[in-house]
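Worth saying up front: this structure is predicted, and the values here are computed from it rather than measured.
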Amino acid sequence: MWQYFGSQTGFMRTYPASRWKVPTNEPADMFDVRRRPWYIQGSTSPKNVLLLIDTSGSTAGQTLELIKVTVKSILDTLGENDFILAMTFNKAADVVGCSEKIMPQAGCCFDTFVQANERNKRAISESVDVIQSENQADYTKGFTAAFQQFIKFREIEATSSKGSNCNEVIMLLTDGGTDYPEAVFKEYNKDKKVRVFSFAIGPAATPIAALKKIACANRGYFMKIPSMGAIRSKVQVSTNAKPS
């Protein structure tokens, strides 16, 4: 009988041991045990995840590209027990792929949470590729739209087999900001049922105090991702976080 061990740092052992086969047609061996289905299902609890993506004008350029790669890295950590929905926000909030401006280019228009299987994750990833940055970020509208999606999906969960029926998580991906939408959290998340994780993404020095407060006040973690090299490790910590 084969046994596998995978650690949170990516360390892997198999028993009985066998020689590792390195692909000859690839420049580097990018295998990561933490992306394998058996590891994902064993190390995390089922969850409904909403990605809340800041597409305001300040994210234009390198930061928006980092955000897109971070979204894809998060998708890689989700398994079929999870459900996913991606939204963008600036002066208004939209479900990824559903806005009139990018719908012809997008790969999907999921207006509620869908199972995080390979087909759905690939469709969301393709839709994220075509998002653009413009206008100013309105955190109140972004979080209001996010919490309303959870309320709508709870009704679906109650009457069907859809949903994780377990944890609920918002992952905020932004370049920073000073707004703390306190009234929204008091109205929609007074019991802290939805955990909020915030990611400050980009090399520029931006205000992060509000982002830390958003995460810490809602049972989540705050992460800073200044470059491509930090994405995988920071995302892994947040997606493996156990319910508190």
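- For the pairing with Leu50, the side-chain contact (heavy atoms from CB on, under 4.5 Å) check across Ile84, Leu85, Val169, Val194 returns one residue only, Leu85.
- Within the model, atoms NZ of Lys224 and CZ of Phe199 stand 13.0 Å from one another, a figure rounded to the nearest 0.5 Å.
- Looking at Ile131 and Ile53, their side chains come closer than 4.5 Å, going by heavy atoms from C-beta outward.
- Under the 3.5 Å distance criterion, with hydrogens and angles disregarded, a donor-acceptor pair is assigned to the side chains of Asn189 and Asn218.
- Rounding to the nearest 0.5 Å gives a distance of 7.5 Å between CZ of Phe150 and CZ of Phe147.
- Proximity of Gln149 to Phe153: side-chain heavy atoms (C-beta onward) are nowhere separated by under 4.5 Å.
- No side-chain heavy atom of Asn167 sits under 4.5 Å from any side-chain heavy atom of Arg195.
- No side-chain heavy atom of Met171 sits under 4.5 Å from any side-chain heavy atom of Leu52.
- Two residues are said to be in side-chain contact when any heavy atoms from C-beta on lie closer than 4.5 Å; Asn135 and Ser56 fail this criterion.
- Between the Thr55 side chain and the Thr88 main chain, no donor and acceptor come within less than 3.5 Å of each other.
- A centroid separation of 6.0 Å or more is found between the aromatic rings of Phe89 and Phe143.
- A distance-only check finds no donor-acceptor pair linking the side chain of Lys162 to the backbone of Ile156 [under 3.5 Å].
- Side-chain N/O atoms of Asp175 and Thr206 include no donor and acceptor closer than 3.5 Å.
- Judged purely by atom type and a 3.5 angstrom limit, Lys68 uses its side chain to pair as donor or acceptor with the backbone of Asp129.
- Atom CD of Gln62 is separated from atom OG of Ser227 by 8.5 Å, given to the nearest 0.5 angstrom.
- Note that the CD1 atom of Ile231 and the NZ atom of Lys72 stand 11.0 Å from one another [nearest 0.5 Å].
- A donor-acceptor contact under 3.5 angstrom links the side chains of Thr174 and Asp54, judged on distance only.
- Between Met223 and Phe197, every side-chain heavy-atom pair lies at or beyond the 4.5 Å cut-off.
- Ser73 places no side-chain N or O within donor-acceptor distance of the main-chain N or O of Val69, the cut-off being under 3.5 Å.
- Residues Asn48 and Ser164 have side chains that bring a donor and an acceptor to within less than 3.5 angstrom of each other.
- One finds the OG1 atom of Thr178 at 13.0 Å from the CD1 atom of Ile208 (value rounded to the nearest 0.5 Å).
- Not one N or O on the side chain of Glu80 forms a donor-acceptor pair closer than 3.5 Å with the backbone of Asn117.
- Side-chain N or O atoms of Lys121 include one that pairs as donor or acceptor with a backbone N or O of Leu75 at under 3.5 Å.
- Proximity of a side-chain donor or acceptor of Asn90 to a complementary backbone N or O of Gln136 within less than 3.5 Å is not detected.
- In this structure, Phe185 has its ring center closer than 6.0 angstrom to the ring center of Tyr180.
- You'll find the side chain of Pro203 reaches within 4.5 Å of the side chain of Thr63, heavy atoms only.
- Remark: Lys91 NZ is loosely packed, at most 12 non-hydrogen atoms of other residues, nucleotides or ligands lying under 6.0 Å away.
- From Ser127, atom OG reaches atom CZ of Arg122 across 12.0 Å, with rounding to the nearest 0.5 Å.
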